[in-house]
Amino acid sequence: MSVTSKIQSVVIIALEQLYNHRFGVKDFQINQTKPEFEGDYTVVLFSLLKPLRQSPDVLGNTLGSYLTKQYPALFSSYNVIKGFLNLDISGSFWIGILNDHYQENTFGKKENNGKTIVVEYSSPNTNKPLHLGHLRNNFLGWSVAEILKAEGYNVVKTCIANDRGIHICKSMVAWEKYAGGATPGSTGMKGDHFVGDYYVRFGAEYKKEIQELIDNGMSEAEAEKEAPIMKAAQQMLVDWEAGKPEVIALWKKMNSWVYGGFDTTYKRIGSDFDKMYYESDTYLLGKKLVEEGLKKEVFFKKADNSVWVDLTADGLDEKIVQRKDGTAVYITQDIGLAVEKYEAYHYDQSIYVVGDEQNYHFKVLQLICNKLGLPSSEGIYHLSYGMVELPSGRMKTREGTVVDADDIIDEMIKVAAQKTEELGKVKDFTAEELEKLYNTIGLGALKFFILRVDPKKRMIFNPEESIDFHGFTASFVQFSHARAKAILRNEAPNHQYSLQLNETLLALEKELIILLEKYPAVIHQAAQEHNPSVIVNYCYELAKTFNSFVTEHRVLKAETENKKQLRLRLCRMTANVIASGMQLAGIEVPERM
RNA sequence: GGACCGGUAGCUCAGUUGGAUAGAGCAUCAGCCUUCUAAGCUGAGGGUCAUUGGUUCGAAUCCAAUCCGGUUCACCA
């Protein structure tokens, strides 16, 4: 039980004893005391004044003296300022917390609660390599999954590959026409980049053909339709759906190249999935549900045979769920997939990590599932994140300003290596150790930079700032961990030693313990909000406090043996919590750097 | 035009869900390595929390209106 909830329940009991009035947890607030006042935690009295018909001063003092008398192990003193009852938590209580948890590496993680959450993230298109936007998606999805695991859920990480459709056919057509049989193997290229180049090539050729047609007197709109290369792509899509063997073979071949490339990138960034779904399998799934929906009169058919749902009563529009030719649209597949996931996992919650440009889509999806009476509808949650922009504005494929995932990762690792060499602290590392360290620092910086921002806000990715290793960065947190480990390498805490509980805590020692104690609550909040930035911000704050502590106070040369053991335990617990928290963000922490 | 999201220091972001004098980092300036890692620490300057009104003991936070920016409202995915 956290300190805050302890104080809460004790206050409730006290008020019942003193005033015979039963309050709930939400009837008053417990805050951390502002640094300019004396105390650790503060009971805000305002909301209690009216029901108890007391003045702030009287209530504060009555409650304060009752609490300190009844719970001397918890509270050492109090003061009342205006409507605030500031409580000093006794040092022995804090030292007890430290003693209880400094050795645990599962501190803050909850017991399994038997509930299952499906987290879908990444959802790549198999026609081009991953870019910065995908990285935000992957980092978020992976981290949220880990946070939910830590909070006690069974988590299934899933990925849906958008592996079919006109965009895939475009790269296929371009490859057939212009590659002359070249392969990733023959060119030494990474498969996803290789295929992506042909997607780009398609665009260029298409544009050329349009211009030619226009020059020959065709209107622009007509030219866009009539360009031979576009017709070829459309024909290929028809052939694909008809299952034409050579088209299917080509499709499989090119997709396998892309998957090869994706695997490499996923491995580098540490993304993993428990279950892969493929749009080429799922795109027909929703049709059965469309039939059912028609019978239940959730959907209706228009004269041209297309099927719609009327959401005007819910404040939205009419939305098509099946084309007039009977083929599935995007939302149809998603209805099918939602049901398939539910049947496979009987989830309590199904999270979709998808950009906020699809907010409307997921609102519709949930409404439709609800109207169809699917048990999955309640648990659908769209973890909507904002776009990643560059200082110059949105990334645009046409203007070539898209930041490629592999490129940025390479760059981060390169700069990490340069900086590490400059500092020259790890000259005794082997080549493998160095490579691992560069990866840890480079990739950590990237993940931290992206995850530190609240997911729902759009963010600006400044390449120069992202490779800064000072201040509010992963390196700072990693460095703090390495620093703690350096001390612990010199001397480990003596587990047999029994700390004196009456030891007076210095301000920074206490601050550290208070922060460490909050870690389980931080995980809880992050899980509740599906928000890794809560964890990342916490790790930074912890590292900052630790750095101040280590700079100002000696550990190994502490004034007394008791102080030394206390500080060693502080180092141990801080290192544990930093490592644990950063792990939840997918960021490793080195022993030395 | 309808719906949704956002606007906090020069820049990038926090702000414990309504609490005390709004915080960090970067950048700028001034100090600190003979010491367990200086990728660090200490300090200074920097704010009309977009604007206006409302709700109440109390508002960056809740409500309304306005301004600015974004997304979306496809038989694309």
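Per chain, numbering begins at 1; letters A, B, ... match sequence-line order.
- Taking a cutoff of 4.0 Å between a charged side-chain nitrogen and a carboxylate oxygen, A:Lys6 and A:Glu517 do not qualify as a salt bridge.
- When distances run from any side-chain atom of A:Lys456 to the nucleotides B:C76, B:G6, B:C36, the shortest one goes to B:G6.
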Which pairs, protein N/O on one side and nucleotides 54-58 of chain B N/O on the other, fall under 3.5 Å?
residue: B:C57; atom: OP1; partner: A:Lys50; partner atom: NZ; Å: 3.4

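- Residue A:Lys544 is in sugar-phosphate contact alone, with no base atom involved, counting any heavy-atom pair closer than 4.0 Å across all strands shown.
- B:C26 and B:G45 have their C1' atoms separated by 15 Å, with the value rounded to a whole Å.
- Here A:Ile460 lies in heavy-atom contact (under 4.0 Å) with sugar-phosphate atoms only.
- Below the 3.5 angstrom threshold, one finds no donor paired with an acceptor across the side chain of A:Asp314 and the base of B:A3.
- Stem analysis of RNA chain B (at least three stacked-register Watson-Crick or G-U pairs, each with both distances under 3.5 Å) gives B:1-7 with B:67-73, B:10-13 with B:23-26, B:28-32 with B:40-44, B:50-54 with B:62-66.
- Distance noted for atom P between B:C29 and B:G19: 38 Å (whole Å).
- Applying the 4.0 Å criterion to OP1 and OP2 of B:A20, one finds that A:Lys34 has a side-chain N or O inside that range.
- To the nearest whole angstrom, the two C1' atoms, one in B:G58 and one in B:G69, are 32 Å apart.
- For RNA chain B, the residues of residues 553-563 of chain A within the heavy-atom distance limit of 4.0 Å (strictly under) are A:His553, A:Arg554, A:Val555, A:Leu556, sorted by number.
- Ring-centre distance between A:Phe362 and A:Tyr381: not below the 6.0 Å cut-off.
- A salt bridge is absent between A:Lys544 and A:Glu541: the closest approach of a Lys/Arg side-chain nitrogen to an acidic carboxylate oxygen does not fall below 4.0 angstrom.
- Relative to the side chain of A:Ile487, the nucleotides B:A14, B:A77, B:U37 differ in distance, and B:U37 lies closest.
- For B:U17, the glycosidic angle deviates from 0 by 90° or less, giving a syn base.
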Anything under 3.5 Å between a protein N or O and an N or O of nucleotides 26-32 of chain B, put it in a table, one pair a line.
none

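- Using a 4.0 Å heavy-atom criterion, one finds that A:Tyr330 contacts the bases of the nucleic acid, with or without backbone contacts as well.
- Within the structure, ring-ring contact (aromatic ring centres under 6.0 Å, His included) contacts touching residues 442-462 of chain A (residues at least two apart or in different chains) are A:Phe448-A:Phe472, A:Phe449-A:Phe461.
- Here A:Val550 lies in heavy-atom contact (under 4.0 Å) with a base.
- Residue contacts for A:Met593: at a heavy-atom cut-off of 4.0 Å it reaches a base atom on one of the strands shown.
- Between A:Phe46 and A:Phe84, the two ring planes are perpendicular [angle over 60°; tilted spans 30° to 60°].
- With hydrogens and angles left out, the side-chain atoms of A:Thr126 and A:Asp163 include no donor and acceptor closer than 3.5 Å.
- With respect to A:Arg567 and A:Glu559, a salt bridge is recorded, a charged nitrogen being found less than 4.0 Å from a carboxylate O.
- Of all nucleotides listed (B:G19, B:C41, B:A14), B:G19 comes nearest to the side chain of A:Phe84.
- Atom name C1', nucleotides B:U28 and B:G46: the rounded distance is 10 Å, in whole Å.
- Backbone-only contact: A:Tyr540 has heavy atoms under 4.0 Å from sugar-phosphate atoms and none from a base.
- A:Thr42 comes within 4.0 angstrom of a nucleotide base, judged by non-hydrogen atoms across all strands.
- Between the side chains of A:His167 and A:Asn162, not a single donor N or O lies within less than 3.5 Å of an accepting N or O.
- Between B:U8 and B:C13, the two C1' atoms lie 10 Å apart (nearest whole Å).
- For the C1' atoms, the distance from B:U48 to B:U52 is 12 Å, rounded to whole Å.
- Rounded to whole Å, the C1' atom of B:G18 lies 10 Å from the corresponding atom of B:U56.
- Within 6.0 Å of the CD atom in A:Glu464, the count of heavy atoms belonging to other residues, nucleotides or ligands does not exceed 12.
- At a threshold of 4.0 angstrom between heavy atoms, the contacts of A:Ile166 with the nucleic acid are absent.
- Across all strands shown, A:Ser548 has heavy atoms under 4.0 Å from sugar-phosphate atoms exclusively, and none from any base.
- A:Arg164 forms a cation-pi arrangement with A:Tyr283, by the criterion of a distance under 6.0 Å to the ring centre and an angle within 45° of the ring axis.
- Here the nucleotide nearest the side chain of A:Asp317, chosen from B:C73, B:C36, B:U21, is B:C73.
- Between the A:Glu491 side chain and the A:Lys564 main chain, no donor and acceptor come within less than 3.5 Å of each other.
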Just the atom pairs and distances: protein N or O near nucleotides 67-72 of chain B's N or O, under 3.5 Å.
residue: B:U71; atom: OP1; partner: A:Arg394; partner atom: NH1; Å: 2.4

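- Within 90° of 0 lies the glycosidic angle of B:C33, which makes this nucleotide syn.
- Taking atom P in both B:C63 and B:C5, the straight-line distance is 10 Å, to the nearest Å.
- Electrostatic pairing of A:Arg592 and A:Glu433 does not count as a salt bridge here, judged by no charged N lying under 4.0 Å from a carboxylate O.
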